[in-house]
Amino acid sequence: MKTVCFGLQWGDEGKGKVTTYLSKDYDYIVRYSGGSNAGHTVEYGDFKLIHHLIPSFDIRKDIKGYISNGVVVDLEVLNKEIEELRKMGFDISQRLWISKLAHVVLPIHKILDEKMELSRGERAVGTTKRGIGPAYADRVHRIGIRLADFENIDELREKLLTITALYKELYSIEWEEYDEVIEQYEDMSSLIVSPLEIKTELENSNVIFEGTQGVLLDIDMGTYPYVTGTFCNTTGVESGLGYVTKLDKRIGIFKAYVTRVGEGPFPTELFGDEGEMLRKAGKEYGATTGRPRRCGWLDLPLLKYAIEISGCDEMIMTKADVLSGMEKVKVGVRYDIDGKKVEMPSELSNIGRSQVEYVEFNGWKNLEDKEFDHFTKFIESETGVKITYISTGARVDQITKM
Ligand code: IMO
Ligand code: MG
């Protein structure tokens, strides 16, 4: 069985918790996209983990993880995550593998990320400043450093000299602490494999691919330029692995409302007290940067778009309990863009200009309430996709099969 579990919105849908829960039925969890910009929070009850690079496998169970070449790896963050787990009594050295073709996020990438954001001024993307965009850009510039490059330290130093000379000339950024990254590499070098070394094992295993961010942040299909640097749509699974694989199931995760961190259009956004009320109720602060998340009502045109491009065949709804106790709950059902009614946008460049038409639901006291049933049935009938689980609360076991 090959499954992908991915975000249908702008990230932070609760993928980490859901993937951890589902992981019990799989042998491997594979990350195919993103880097340490991801922040996947998993609460076990007596302890809590926030994964940035390590796949969200259930740490208590015998499940293995693989970080494929679609991911950009910040060695410092990775080592810290491994070390923190070790301190908590979880040794994952025999459970985690990393593709040697994965590119490394260098300190200069983080400096450039920050610098580019500053120079964009009003047009800043609101990145996580984790160096993600610059690391992916250097991969395409063909000056990036891959884990495989550390196998020959003399050649690596020459490559580092080339990249730092370019950064100095192009961006006036200076950096020469090469030994630091070499040491960081040495700490994790036993985890590195070539993609073909692990291919057969993955092919013979039950694998769940863990998405990062959400479809609306996909580099091509998202709200460009307010997106991340990677293919976080399900299309990223194969490019991340580097070879073809057949997926049996595409499980899209969505929140019962919508959040977004960083800049960019957000048609159903709530401002002032209303937005603050959702932010407080849902504890909507970034797991990576701590930034307050922008909050708004569920947006069906965008959900339909995300389903259309991802091939989503079932959905899991998270955080509906956050809306419990509200008098009214709204859902955006249609856009009016320049006088044209739109049920599902065919592209996202002009959604910032849309007026949203809403349907209003009576609130529900709890999730057994028939008003909540009404809400979920409405989403299923509008999208044509079944909701298979409802996730409530932060704990891994707080999830109900429908
Ligand atoms: P998870 O996996 C929410 C957003 C940033 C910014 C844009 C580009 O936890 O859902 P980047 O640093 O990637 O170049 O920033 O993407 N972003 C996320 N938003 N959840 C994430 O990850 C995100 N990763 C990046 O806020 O708007
Ligand atoms: Mg997050």
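Note: hydrogens, waters and symmetry copies are ignored here, and every other heavy atom, side chains too, is used. Both counts, for ligands and for their atoms, begin at 1 and track the order of listing. These numbers were taken from a predicted model, which means no experiment stands behind them.
Taking the N/O/S atoms of Asp12 in turn, the shortest distance to the Mg ion (ligand 2) belongs to OD1.
Looking at Ser56 and Glu210, their side chains do bring a donor and an acceptor atom within 3.5 Å of each other.
A side-chain contact (heavy atoms from CB on, under 4.5 Å) with Tyr32 holds for exactly one of Val71, Asn69, Val4, Leu241; it is Val4.
Applying the ring pair (Phe, Tyr, Trp, His ring centres under 6.0 Å) rule to His141 yields no partners; only residues at least two apart in sequence or on another chain are considered.
Shown here for Asp149 and Gly144, the closest heavy-atom pair between the two residues is OD2-O, 4.0 Å.
A distance limit of 4.0 angstrom between heavy atoms and ligand 1 selects the residues Trp10, Gly11, Asp12, Lys15, Asn37, Ala38, Gly39, His40, Val125, Gly126, Thr127, Thr128, Thr212, Gln213, Leu217, Val227, Thr228, Val261, Gly262, Arg291.
One finds a salt bridge joining Glu284 and Lys255 here, because a Lys/Arg side-chain nitrogen approaches an Asp/Glu carboxylate oxygen to under 4.0 Å. Salt bridge status for Asp12 with Arg293: present, with a side-chain N to carboxylate O gap under 4.0 Å.
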